Student: 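For reference, the structure I am asking about is given below.
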2 protein chains.
Amino acid sequence: MILQIDPSSGLAIYDQIVRQLKFAVASGKLRPGELVPSVRELSKQLAINPNTVARAYRQLQDEEVLESVRGLGMQMAAGSAKRCRADRKKLISARLKEVFREARQSGLLRSDISSLIEKELKSFPETVEADTP
Amino acid sequence: MILQIDPSSGLAIYDQIVRQLKFAVASGKLRPGELVPSVRELSKQLAINPNTVARAYRQLQDEEVLESVRGLGMQMAAGSAKRCRADRKKLISARLKEVFREARQSGLLRSDISSLIEKELKSFPETVEADTP
DNA sequence: GCTACTGTACTATCTCACTAGTACACGCGT
DNA sequence: ACGCGTGTACTAGTGAGATAGTACAGTAGC
């Protein structure tokens, strides 16, 4: 379970964690009942404060993506995969729309954007998603 | 000269102003010597604090996009169009790359992304840019 | 000269995200 | 029972962005 944080990305750190865990659930990298790294462990890995991790986990709990096992850790909640797949699509779609909105506003031509997109799509793998139980 | 601000966008308000004025210069909507709205005027239009506008204008001045005319206002600096066109491409490209990076990480398929992109490209006008002097 | 605008330059305050630290209760293994 | 992990729940502080307010100097129009 590898998460990455970019403090300069403009997204709050806890939000980055929330997103990445949702993606992990959506893509089957995280399975129902599987424990996520503990608050202290992940904060060490990411070199951030435990409270920041705790905040992300709390939100994911509120959204029924994770559930807490007192004294043991936090695990993926059963039945959250479908919800996360829908969320994943919404999250990515929203960002893409926003970039396109700005690109339109900026006065760039469609051809300018298309060539940028083609470049990026080239490095985009067409892979089969992990099995979901 | 119409600027828009979205406080929930994740970009600092002053940064949104900076970007939009760069785009206006890049696309020829703002011409050399043309005055931008005054600090007080724009802050009224956007319902934000004058100091926030002043900060954006200061940055644009530092980057030689705008130049100040004491008692008169701020005008577009001669020769900044070329620089802004390069900046525009960089700014949009950077955001696009970032969205693609996250999309790849999220486990979405290329086909999922492609269909989202096609939808957005449909609404992307292929227009001729305003003349630049 | 006066008025109304302009940018510039402060000071003080607020909010949010994040950090740091601490303490408690729970669960597991020995 | 003890030790070591876990999440949870605080308190206090920092930095960035934003707000509010004020004052000064410059410019233009009357």
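A note on names: the letters A, B, ... follow the listed sequences, proteins ahead of strands, and every chain is numbered from 1. Please read these numbers as outputs of a predicted model, since none were measured by experiment.
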Student: What protein N or O atoms touch nucleotides 13-18 of chain C N or O atoms at under 3.5 angstrom, if any, and at what distances?
Tutor:
from: dC18(C); atom 1: OP1; to: Ile13(A); atom 2: N; distance (Å): 2.3

Student: Checking Glu67(B) against Gln61(B): is there a side-chain donor and acceptor pair closer than 3.5 Å?
Tutor: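 No, no side-chain donor-acceptor pair sits under 3.5 Å.
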Student: Take the protein atom CZ of Arg40(B) and the nucleotide atom P of dG7(C), then report the distance between them rounded to whole Å.
Tutor: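 That distance rounds to 7 Å.
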Student: Would you verify whether the NZ or CZ of Arg55(B) falls within 45 degrees of the ring axis of Tyr14(B) while also being under 6.0 Å from that six-membered ring's centre?
Tutor: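 Yes - Arg55(B) lies over the ring of Tyr14(B), closer than 6.0 Å to its centre and within 45° of its axis.
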Student: Give a yes or no on whether the backbone of Phe23(B) and the side-chain of Arg85(B) come within a donor-acceptor separation of less than 3.5 Å.
Tutor: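 Not confirmed, Arg85(B) side chain does not pair with Phe23(B) backbone.
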Student: Below 4.0 angstrom from OP1 or OP2 of dG7(C), is there any side-chain N or O of Ser68(B)?
Tutor: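 For Ser68(B), the contact criterion (side-chain N or O under 4.0 Å from OP1 or OP2 of dG7(C)) is not met.
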Student: Of Ala47(A) and Val36(B), whose closest DNA chain C nucleotide lies nearer the 5' terminus?
Tutor: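 Closer to the 5' end of DNA chain C: Val36(B).
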Student: Check every strand shown and say whether Gln75(A) touches a base, only sugar-phosphate, or nothing at a heavy-atom separation below 4.0 Å.
Tutor: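 Answer is nothing: Gln75(A) stays at 4.0 Å or more from every strand.
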Student: If you compare all heavy atoms of Arg110(B) against all heavy atoms of Lys122(A), which two are closest, and at what distance to 0.1 Å?
Tutor: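 What the structure gives for the nearest pair is NH2-O, 3.8 Å.
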Student: Can you measure Glu67(B) atom CD to dT6(C) atom C1' for me and round it to whole angstrom units?
Tutor: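 It is 15 Å, rounded to the nearest whole Å.
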Student: When the distance from CG of Asn51(A) to P of dA20(C) is rounded to whole Å, what number comes out?
Tutor: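 Distance, rounded to whole Å: 11 Å.
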Student: With heavy atoms of chain A within less than 4.0 Å as the criterion, where does contact along DNA chain D begin and end?
Tutor: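 From 5' to 3', the first and last contacting nucleotides are dG5(D) to dC10(D).
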Student: With distance as the sole criterion, is a donor-acceptor pair present between the side chains of Gln4(B) and Gln20(B) under 3.5 Å?
Tutor: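 No donor-acceptor contact under 3.5 Å links the two side chains.
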Student: Run Val25(B) and Arg88(B) through side-chain contact (heavy atoms from CB on, under 4.5 Å) and show every step you take.
Tutor: CA-CA 10 Å; Val25(B) 171; Arg88(B) 174 175 65 172; over 6 Å; no
Student: For Gln61(B) and dG7(C), what is the distance between atoms CD and C1' respectively, to the nearest whole Å?
Tutor: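 Answer to the nearest Å: 9 Å.
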Student: Regarding Ser9(B) and Gln16(B), is there a side-chain donor-to-acceptor distance under 3.5 Å anywhere?
Tutor: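 Distance-only check passes for Ser9(B) and Gln16(B).
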Student: Out of curiosity, Asp15(B) CG to Thr52(B) OG1, how far, rounded to the nearest 0.5 Å?
Tutor: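 It comes to 12.5 Å.
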